[in-house]
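One structure below.
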Amino acid sequence: MAYEQLDVRVENKVGLIKMCRPDIRNAMVPELRRELHEALAQMEQDDQVNVLVLTGDGKAFCAGGDLGGMNRKIDAVTGRKRLLQSHELIRTILRLEKPVIAAVNGAAAGAGFSVALACDMIFAARSSFFVQSFVNVGLVPDLGAVHFLTSLLGPHRAKELMFTGDRISAERAQELGVVNRVINDESLMEEVGAIAEKMAKGPAISMGLTKAMVNRSILGQLHDTFEMEAFAQGLCFETEDFREGVKAFFEKRAPQFSGR
């Protein structure tokens with residue numbers, strides 16, 4: 001299958017999916033999200049793929065949601081529908097009975113952070129960073145971020161990241177248990193490739209079932225989280241704070257929120 005938003009290849013039973021929209025820092029525009037979902041589904045059916053690596057082209061892993069596409073009025077019903085469509089991408093990553101490694105090469109912001117969290121392992125370039133940027137534009141965390149981060153960090157640390165919208169470095173993310181390993185930028189893909197190839201030589205059925213068991217044990221409430229996200233984000237899309245947050249983002253200034 002030919003892709004316009006992605007670079008997809010398979011070598012030594014490792015599938016590589018690279019998001020290739022560096023002009024928008026690999027933001028989740030509808031076309032990229034759709035192709036990413038299709039590529040993951042294709043890899044799921046490919047017997048020549050035992051392990052997947054997901055990364056980004058340029059200076060970002062994924063900058064999150066498409067704020068450009070949100071720079072217009074969105075009603076609650078439309079907002080809920082958008083979220084439900086995006087949830088299918090996360091469900092696909094979690095459902096795949098193949099390990100998915102996030103090779104975070106730069107910014108993992110907002111929904112981009114959520115996509116990395118949905119992967120089974122995260123290896124991060126030393127210069128990369130992570131940020132729960134939703135609060136900066138008057139939105140709630142989505143694509144499972146509340147569930148993933150609370151499970152990893154506990155409620156207090158998770159809320160700190162979500163309430164402040166502060167960046168955390170790759171090293172800090174590793175200290176918190178979000179990142180498996182921090183790797184020098186120039187060595188990231190080489191080292192991740194070596195790890196993936198080692199895993200790809202292992203027992204595929206056993207690893208797939210292990211992933212399924214681990215995910216079943218920790219993701220029991222994720223469906224409820226997705227439902228609440230879709231409802232809450234739909235409401236946030238209708239607020240003045242959201243419109244001010246997006247306007248301030250494009251004007252490169254601090255937003256002036258009003259609580260409305």
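Just the heavy atoms: all of them, side chains too, but no hydrogens, waters or symmetry mates, feed the values below. Everything numeric in this text was worked out from a predicted model, so none of it was measured. Count residues from 1 along the sequence.
Just one of V10, I17, I93 meets the side chain to side chain contact (heavy atoms under 4.5 Å, CB included) condition when paired with L52; it is I17. Of the candidates R33, R21, E35, R34, R21 is the only one forming a side chain to side chain donor-acceptor pair (under 3.5 Å) with Q5.
The number of heavy-atom neighbours closer than 6.0 Å to OH of Y3, taken from other residues, nucleotides and ligands shown, is above 12. Applying the 6.0 Å contact sphere to CD of E190 captures no more than 12 heavy atoms from other residues, nucleotides or ligands. Shown here is E186, whose CD atom has more than 12 heavy atoms of other residues, nucleotides or ligands within 6.0 Å. For CZ of F257, the number of neighbouring non-hydrogen atoms (other residues, nucleotides, ligands) closer than 6.0 Å is greater than 12. Around CG of D23, the count of heavy atoms belonging to other residues, nucleotides or ligands within 6.0 Å exceeds 12.
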- Message: If you apply the rule salt bridge (Lys or Arg N to Asp or Glu O under 4.0 Å), what do you find for E88 with R91, and how did you get there?
- Response: CA-CA 5 Å; E88 289 308 307; R91 293 184 198 277; 3.3 Å; yes
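Atom-to-atom distance recorded for S133:OG and L139:CG is 9.0 Å, nearest 0.5 angstrom. Note: D142 CG to T225 OG1 = 12.0 Å, rounded to the nearest 0.5 Å. Here I122 contributes atom CD1 and F113 contributes atom CZ; the two are 7.0 Å apart, rounded to the nearest 0.5 Å. Of the inter-residue distances, the one linking R181 atom CZ with I195 atom CD1 reads 4.0 Å to the nearest 0.5 angstrom. Here the NZ-CD distance, from K13 to Q48, works out to 5.0 Å after rounding to the nearest 0.5 Å. The line from CD1 of I90 to CG of L222 is 8.5 Å long, rounded to the nearest 0.5 Å.
Here the side chain of K211 pairs a donor or acceptor atom with the backbone of K98 at under 3.5 angstrom. A donor-acceptor contact shorter than 3.5 Å links the side chain of E244 to the backbone of Q256. Between the side chain of N215 and the backbone N or O of L94, at least one donor-acceptor pair lies under 3.5 Å. With D57 contributing its side chain and C20 its backbone, the two residues share no donor-acceptor pair below 3.5 Å. Between the side chain of D120 and the backbone N or O of V100 there is at least one donor-acceptor pair closer than 3.5 Å. Between the side chain of Q233 and the main chain of V140, a donor-acceptor pair closer than 3.5 Å is present.
In terms of the side chain to side chain contact (heavy atoms under 4.5 Å, CB included) criterion, residue partners of T55 (sequence neighbours excluded) are, by chain and number, L16, K18, A103, N105, M189. When the salt bridge (Lys or Arg N to Asp or Glu O under 4.0 Å) test is applied to E171, the partners found at least two apart in sequence or on another chain are R126.
A salt bridge does not link R157 with E160: every distance from a Lys NZ or Arg NE/NH1/NH2 to an Asp or Glu carboxylate oxygen is 4.0 Å or more.
In this pair, F242 and F237 present their aromatic rings perpendicular. The plane angle is above 60°, beyond the 30 to 60° band.
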